[in-house]
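As structure tokens, the structure follows; a few thoughts come after it.
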Protein chains: 2
Amino acid sequence: MKIGELSRATGTNVETIRYYERIGLLPEPARSAANYRSYGPDHRARLVFVRHSRELGFTIEEIRSLLDLSDDPTRDCTEADRIASAHLAQVEDKIAQLSLLRDELKRIVGRCRGGLAGDCRVIEALADHSQCESQH
Amino acid sequence: MKIGELSRATGTNVETIRYYERIGLLPEPARSAANYRSYGPDHRARLVFVRHSRELGFTIEEIRSLLDLSDDPTRDCTEADRIASAHLAQVEDKIAQLSLLRDELKRIVGRCRGGLAGDCRVIEALADHSQCESQH
DNA sequence: CTTGACCCTGTAGTTGCTACAGGGTGCATA
DNA sequence: TATGCACCCTGTAGCAACTACAGGGTCAAG
Ligand SMILES: [Zn+2]
Ligand SMILES: [Zn+2]
Ligand SMILES: [Zn+2]
Ligand SMILES: [Zn+2]
């Protein structure tokens with residue numbers, strides 16, 4: 001299949017596919033006489049893996065390691081577990097951090113009673129972290 | 001005060017302060033005979049405002065608008081409220097989205113029983129979104 | 001008078017794409 | 001046969017919000 005078909009088949013931007021090839025995440029495919037890229041089912045599966053992992057928030061470097069593992073089925077899978085667990089922990093950290101922000105923002109937004117910017121509690125709160133209740 | 005002092009006083013990287021000046025978020029300060037930047041309390045307050053807003057997740061463009069408002073105390077503060085509320089909504093969206101990811105990642109990580117990469121349920125789950133329980 | 005801490009400008013790197021510019025290819029239609 | 005049009009190619013630049021130099025100047029202490 002040509003790059004446009006692969007793009008439609010996987011919901012991936014054409015430029016993104018070329019980008020993944022450039023950074024070595026996808027192998028260089030064969031070329032047609034007109035120098036068009038020509039993909040098979042393996043390329044497609046690999047791209048699906050990459051896209052799905054990206055949707056789950058893995059970084060490109062993490063995906064690179066995961067692909068290395070899945071390329072060599074005789075290796076131990078501990079590494080895959082480690083990467084996924086570390087990523088899960090990161091996501092949980094991020095949620096905790098955003099929850100602090102959310103609470104702080106709620107407090108700040110709730111203070112505005114309308115009126116002039118000079119008296120606005122929102123602007124005042126942004127200027128002064130000591131009004132905050134957490135170390136966000 | 002010199003840039004290094006302002007940096008220590010606000011916990012902001014020196015390069016970041018220069019960056020904010022370059023993009024017009026901080027005004028150009030006076031210069032000493034040796035061409036060193038020289039800051040006063042107003043610069044400091046403005047930088048504190050910027051850093052605190054950044055810590056709360058506002059974008060530079062949002063902060064620019066908020067600074068404009070606080071520069072003109074006779075304006076109506078509705079705009080400040082609107083920016084902060086919109087930002088709060090975005091943070092809540094992000095938390096919801098990350099919570100989906102977290103649940104999906106927990107399921108995936110829980111499947112690994114150790115062994116060979118070829119049999120690893122983690123790698124299998126990454127290759128196949130239909131095993132997921134949500135549209136993350 | 002030299003060492004070290006600081007300051008200056010300007011530019012390039014980071015992450016993960018996205019968006020052209022400026023060209024070539026392939027097929028259908030008038 | 002010409003001519004659209006959709007698609008493909010390479011290479012480069014842009015986004016956010018910094019961060020990290022390189023290559024130089026300034027200043028006080030020892
Ligand atoms: Zn207000
Ligand atoms: Zn705060
Ligand atoms: Zn496993
Ligand atoms: Zn999925």
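Lettering of chains follows the sequences in order, A, B, ..., and the numbering in each one begins at 1.
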Side-chain contact check for B/Arg54: nearest option of D/dC18, D/dC9, C/dC7 is D/dC18
Among C/dT9, C/dC7, D/dC9, the one nearest any side-chain atom of B/Arg37 is C/dT9
Need one value for [X]: base, sugar-phosphate or nothing, where a base atom within 4.0 Å counts as base even if backbone is also close, heavy atoms only.
X	value
A/Arg18	base
A/Ile23	nothing
B/Arg64	nothing
A/Tyr20	sugar-phosphate

Distance check needed: [N] [atom2] versus [X] [atom1], whole Å only.
X	N	atom1	atom2	value
A/Asn13	C/dT18	CG	P	5 Å
B/Tyr19	C/dA12	OH	C1'	15 Å
B/Ile17	C/dC7	CD1	P	9 Å
B/Glu15	D/dA22	CD	P	12 Å
A/Glu28	D/dT10	CD	C1'	13 Å

Which class fits the ring pair B/His136 and B/His129: parallel under 30°, tilted 30 to 60°, perpendicular over 60°? perpendicular
Taking NZ, NE, NH1 and NH2 as the nitrogens, is one of them in B/Arg8 or B/Glu5 under 4.0 Å from a carboxylate oxygen of the other? no
Between the side chains of B/Arg107 and B/Glu133, is the shortest nitrogen-to-carboxylate-oxygen separation below 4.0 Å, so that they form an ion pair? yes
Relative to the 5' end of DNA chain C, which residue comes earlier, B/Ser38 or B/Arg22, by the nucleotide with the nearest heavy atom?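 Taking each residue's closest nucleotide, the earlier one in sequence belongs to B/Ser38.
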Which is it for B/Arg37 and B/Lys2 under the side chain to side chain contact (heavy atoms under 4.5 Å, CB included) test, yes or no, and what are the steps along the way? CA-CA 6 Å; B/Arg37 287 171 179 82; B/Lys2 287 191 285 185; over 6 Å; no
I want to confirm an ordering. Mapping B/Thr59 and A/Ala34 to their closest nucleotides on DNA chain D, which one lands closer to the 5' end?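 On the 5' side of the pair lies A/Ala34.
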Ignoring hydrogens and angles, answer whether the base of C/dG26 and the side-chain atoms of A/Tyr36 contain a donor-acceptor pair closer than 3.5 Å. no
Are there more than 12 heavy atoms of other residues, nucleotides or ligands under 6.0 Å from atom CZ of B/Arg54? yes
